[in-house]
Amino acid sequence: MKINISKNELLSALRAVGRIIKTSNQQPAYNSFLIKIENESCIRVTGSDEQGRIETTVHCNIEGFTERSFLLDSATILNVLKELPEQPIAIEVNDAKIVVKYNNGKFEMAQGDAILYPSFTFGDGLKCEISRDHLYNGFKSVAKFALTDDTLRPIMTAVNLASTGDTTTFAASTGHTLAVYEVQNKDSQYLFNINLPNKISKIISDLPATTDENIQFVVAGNHVRFVIGDYTVSSRLVEGSYPNFRSVIPNNPDMDMIINTSELISAINRVSVFSDEASSMIVLDIKDNIMTLSAENMDYSKSAKEEMMLGEVYKPLKIGFKSNFLVDVLKTVSGDSGECEIHFSGPNKAAIFRPKDSDILTIILMPMQVQ
């Protein structure tokens, strides 16, 4: 049997599916792609880990078609295909190996037994729907602020996705930072509240935008399955109730500021070079229409200070933040205007960051103690 396929189309699918594969899989079979030859015009590619699974189809032309499945080592096939220029390639499938032929060469790989690939069962459940833009933008805005690993509080490694019918909300938190993306729905009857692993949320937000239609997904027990164009993403859910994040968002802040994010980020990057390596703290000292940024490392006797002009006169405030956290937040809320809103409630209370003239995205950042 011979599979005639575009190298770029195959590599694009393998890269997207391969994002879920990690080097520390407990199941050795998860280090491989599962290849299913389903009909004469496409193959199905699957990648998995202990949390979830991604599947997609790649269109091709198959000579001597017979249904079969086999495993291919993911690292090997990805490394060799990315070095090939775009061209049609022919994959000859034999009993124990595949032979891939291209313009001026070929390579051979052993096949793994598809029986070794763990099954992923998924039953009937609650059918839901969400706007593609809302899903992509929501995950892209908040997923970076969820913890990657926390054995004591696994719920903090999740992105909370919930709909009340009127609104759809995405929320994630590291404990120091909380990000909430909330959009209004139009005549939506879907009600759901799920905790999706952070890794799966990031993978979904990075998938190629192969459709403009609403995204269908099904929640069945502690599993969820999204159908996104040519891709199907299935995942286990993180069990437990997500913390009441709304209770930690400060009400009625007493200072509202609009600032150029790129200028502030550049100043932070310069000054933070001189910050303490353990704390990475940068201090914002606001007086009248001047913000003074400062950092100090007493162990190495180095410090830096820089002033920024503000558009208005503000009352005095001195507040400290972890510099890399502050930069991540500013990059996320920087809108098309290049400006963002910062709302302060005091030197020891969380600051609120939003894109200018928008309340869809809200990020709060806890301050550090300034000596």
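When reading the values below, keep in mind they use all heavy atoms of this one structure, side chains included, and skip hydrogens, waters and symmetry mates.
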Which pair of heavy atoms, one from [X] and one from [Y], lies closest together, and at what distance?
{"X": "G221", "Y": "L237", "value": "O-CD1, 4.1 Å"}
{"X": "S141", "Y": "L361", "value": "CB-CD1, 4.0 Å"}
{"X": "I54", "Y": "A16", "value": "CD1-O, 4.0 Å"}
{"X": "S32", "Y": "L71", "value": "CB-CB, 3.9 Å"}
{"X": "S69", "Y": "L34", "value": "CB-CD1, 4.3 Å"}
{"X": "M366", "Y": "G175", "value": "CG-O, 4.3 Å"}

To the closest 0.5 Å, what do you measure between [atom1] ([X]) and [atom2] ([Y])?
{"X": "S280", "Y": "N297", "atom1": "OG", "atom2": "CG", "value": "10.0 Å"}
{"X": "I342", "Y": "K356", "atom1": "CD1", "atom2": "NZ", "value": "13.5 Å"}
{"X": "D285", "Y": "I282", "atom1": "CG", "atom2": "CD1", "value": "12.0 Å"}
{"X": "D359", "Y": "I352", "atom1": "CG", "atom2": "CD1", "value": "11.5 Å"}
{"X": "M257", "Y": "C340", "atom1": "CE", "atom2": "SG", "value": "9.5 Å"}
{"X": "H343", "Y": "N251", "atom1": "NE2", "atom2": "CG", "value": "12.5 Å"}

For residues 196-208, please give each side-chain donor-acceptor pair under 3.5 Å, one per line with the distance, not counting sequence neighbours.
unit_1 : atom_1 : unit_2 : atom_2 : d
K199   : NZ     : I20    : O      : 2.7
K199   : NZ     : D49    : OD2    : 2.8
S201   : OG     : P197   : O      : 3.2
S205   : OG     : K202   : O      : 2.9
D206   : OD2    : R19    : NH2    : 2.8

Inset, instruction - Before giving the answer on side chain to side chain contact (heavy atoms under 4.5 Å, CB included), spell out for S323 and M281 the whole-Å C-alpha distance, their side-chain angles and the decisive distance to 0.1 Å. - result: CA-CA 6 Å; S323 58; M281 183 172 73; over 6 Å; no
Inset, instruction - Classify the angle between the aromatic ring planes of F107 and Y102 as parallel (below 30°), tilted (30 to 60°) or perpendicular (above 60°). - result: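 Correct class here is tilted.
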Legend entry - Aromatic ring pairing Y30/Y117, orientation class (parallel under 30°, perpendicular over 60°, tilted between):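 Ring orientation of Y30 relative to Y117: perpendicular.
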[Y] and [X] side chains, donor-acceptor separation under 3.5 Å:
{"X": "E63", "Y": "N4", "result": "yes"}
{"X": "S272", "Y": "S275", "result": "no"}
{"X": "Q184", "Y": "T167", "result": "no"}
{"X": "N185", "Y": "T168", "result": "yes"}
{"X": "S41", "Y": "N39", "result": "yes"}
{"X": "T332", "Y": "K144", "result": "yes"}
{"X": "N31", "Y": "D73", "result": "no"}

Side-chain heavy atoms of [X] within contact of [Y], under 4.5 Å:
{"X": "F321", "Y": "M368", "result": "no"}
{"X": "E312", "Y": "L310", "result": "no"}
{"X": "F145", "Y": "V159", "result": "no"}
{"X": "V45", "Y": "T57", "result": "no"}
{"X": "L161", "Y": "F139", "result": "yes"}
{"X": "T46", "Y": "F33", "result": "no"}
{"X": "F226", "Y": "T232", "result": "no"}
{"X": "F344", "Y": "P253", "result": "no"}

In terms of hydrophobic clusters joined by side-chain contacts under 4.5 Å, are [X] and [Y] together?
{"X": "V370", "Y": "I319", "value": "no"}
{"X": "V80", "Y": "L72", "value": "yes"}
{"X": "I5", "Y": "M109", "value": "yes"}
{"X": "L147", "Y": "V142", "value": "no"}
{"X": "L10", "Y": "I37", "value": "yes"}

Would you say the side-chain atoms of [X] pair up with the backbone N or O of [Y], donor to acceptor, closer than 3.5 Å?
{"X": "S334", "Y": "K331", "value": "no"}
{"X": "K322", "Y": "S279", "value": "yes"}
{"X": "S358", "Y": "P355", "value": "no"}
{"X": "S345", "Y": "K349", "value": "no"}
{"X": "Q27", "Y": "E50", "value": "no"}

Please determine whether a side-chain nitrogen of the Lys or Arg among [X] and [Y] lies less than 4.0 Å from a carboxylate oxygen of the Asp or Glu.
{"X": "K315", "Y": "D254", "value": "yes"}
{"X": "E306", "Y": "R270", "value": "yes"}
{"X": "E341", "Y": "R354", "value": "no"}

Legend entry - E182 and T169: CA distance, side-chain angles, deciding distance, side chain to side chain donor-acceptor pair (under 3.5 Å) verdict: CA-CA 4 Å; E182 192 165 53; T169 306; 2.8 Å; yes
Legend entry - Passing option when M308 is tested against T292, I259, N260 for side-chain contact (heavy atoms from CB on, under 4.5 Å):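 Only one of T292, I259, N260 forms a side-chain contact (heavy atoms from CB on, under 4.5 Å) with M308, namely I259.
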Legend entry - Result of checking L326, D328, V327 against L330 for side-chain contact (heavy atoms from CB on, under 4.5 Å):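 So the option named by the test is L326.
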Legend entry - Criterion side chain to side chain contact (heavy atoms under 4.5 Å, CB included) on L14 and I77, from CA distance to verdict: CA-CA 9 Å; L14 292 177; I77 190 69; 4.1 Å; yes
Inset, instruction - Please assess F325 against H176 for the test side chain to side chain contact (heavy atoms under 4.5 Å, CB included), listing each intermediate value before the final yes or no. - result: CA-CA 9 Å; F325 288 0; H176 302 286; 3.8 Å; yes
Legend entry - Output field: ring centroids H223/F120 closer than 6.0 Å: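 When the ring centroids of H223 and F120 are compared, they turn out to be within the sub-6.0 Å range.
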Legend entry - Candidate list F122, F192, Y190, Y231, test ring pair (Phe, Tyr, Trp, His ring centres under 6.0 Å), partner F217, passing option: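 Result for ring pair (Phe, Tyr, Trp, His ring centres under 6.0 Å) with F217: F192.
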Distance-only check: which donor-acceptor pairs under 3.5 Å involve side-chain atoms of residues 81-95, not counting sequence neighbours?
unit_1 : atom_1 : unit_2 : atom_2 : d
E86    : OE1    : N8     : N      : 2.8
E86    : OE2    : S6     : OG     : 3.0
Q87    : OE1    : N103   : N      : 2.8
Q87    : OE1    : N103   : ND2    : 3.3
Q87    : NE2    : P85    : O      : 3.3
E92    : OE2    : K101   : NZ     : 3.1

Inset, instruction - Please step through side chain to side chain contact (heavy atoms under 4.5 Å, CB included) for the pair L264 and L293, ending with a clear verdict. - result: CA-CA 9 Å; L264 181 54; L293 295 84; 3.9 Å; yes
Inset, instruction - Count the heavy atoms belonging to other residues, nucleotides or ligands that lie under 6.0 Å from NZ of K22, then report whether that count exceeds 12. - result: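 Yes, NZ of K22 has more than 12 neighbouring heavy atoms, counting only those of other groups under 6.0 Å.
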